[in-house]
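Notes follow once the structure below has been shown.
In what follows, residues are counted from 1 in the order of the sequence shown.
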Amino acid sequence: MSTPLDPMRQYLGSQGINPGQQAGGPASPTNAGPARTEEGKTFSDVLKDFVDQVDGAQKHFDQAIEAVERGETDNLHQVMLAQNQAQVSLKLAAEVRDKLVEAYKEVMRTQI
């Protein structure tokens, strides 16, 4: 069964990045554990929540399209809003992914 993060892992792998590799090692001052937000979430938790939100927007759009196809609604305004929300969230996810990959590569360059 695939998870929402599988496409991101595949992309990172195609860029020569091992998504399972832990940062740390000799250059790391401590291995005290991952940093947490005020709510107690790790970066991984925040990223997973973000991917889930993007996935939810895509699913909402799919459901709106299916409702129109089945004739359950004729409210095209709601379908267009769902489409725009899904497009914007997907573009944001792509930008975040690109920035994360760029940041990871920069960190790897500084460790050499």
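Under the 4.5 Å side-chain criterion, counting only non-hydrogen atoms from C-beta, Thr73 is not in contact with Gln78. Using a 4.5 Å heavy-atom cutoff, the side chains of Tyr104 and Leu100 are not in contact.
Between Gln58 and Ala86 the shortest heavy-atom distance is NE2-O, 2.9 Å. Of all heavy-atom pairs spanning Ala93 and Val54, the tightest one is CB-CG2, 3.9 Å.
Remark: Glu95 engages no residue in a side-chain hydrogen bond (donor to acceptor under 3.5 Å, both in side chains) (not counting sequence neighbours). Scored by the side-chain hydrogen bond (donor to acceptor under 3.5 Å, both in side chains) test, Asp49 finds Lys41 as partners (sequence neighbours excluded). By the salt bridge (Lys or Arg N to Asp or Glu O under 4.0 Å) test, Glu102 pairs with no residue at all, sequence neighbours left out. With sequence neighbours excluded, the residues forming a side-chain hydrogen bond (donor to acceptor under 3.5 Å, both in side chains) with Asp45 are Thr42, listed by chain and number. Take Gln87 and apply the side-chain contact (heavy atoms from CB on, under 4.5 Å) test, not counting sequence neighbours, and it matches Gln83, Asn84.
Both Leu92 and Leu47 are part of a single hydrophobic cluster, where members link through side-chain heavy atoms under 4.5 Å apart.
In this structure, Val88 stands alone, with no Ile, Leu, Val, Met, Phe, Trp or Tyr side-chain heavy atom under 4.5 Å from its own, directly or through other members. Under a 4.5 Å side-chain heavy-atom cut-off, the cluster of Ile, Leu, Val, Met, Phe, Trp and Tyr residues that includes Val46 has no other member. In the hydrophobic clustering, where aliphatic and aromatic side chains (Ile, Leu, Val, Met, Phe, Trp, Tyr) are joined below 4.5 Å either directly or transitively, Met80 stands alone. With a 4.5 Å cut-off between side-chain heavy atoms of Ile, Leu, Val, Met, Phe, Trp and Tyr, the cluster of Val68 takes in Phe61, Ile65, Leu76, Val79.
Applying the salt bridge (Lys or Arg N to Asp or Glu O under 4.0 Å) definition to pairs two or more places apart or across chains, those involving residues 56-71 are Asp55-Lys59, Glu66-Arg70, Arg70-Glu72. For residues 78-92, no residue pair satisfies the salt bridge (Lys or Arg N to Asp or Glu O under 4.0 Å) rule, not counting sequence neighbours.
Atoms NE2 and CG, from His60 and Leu81 in turn, are 8.5 Å apart once rounded to the nearest 0.5 Å.
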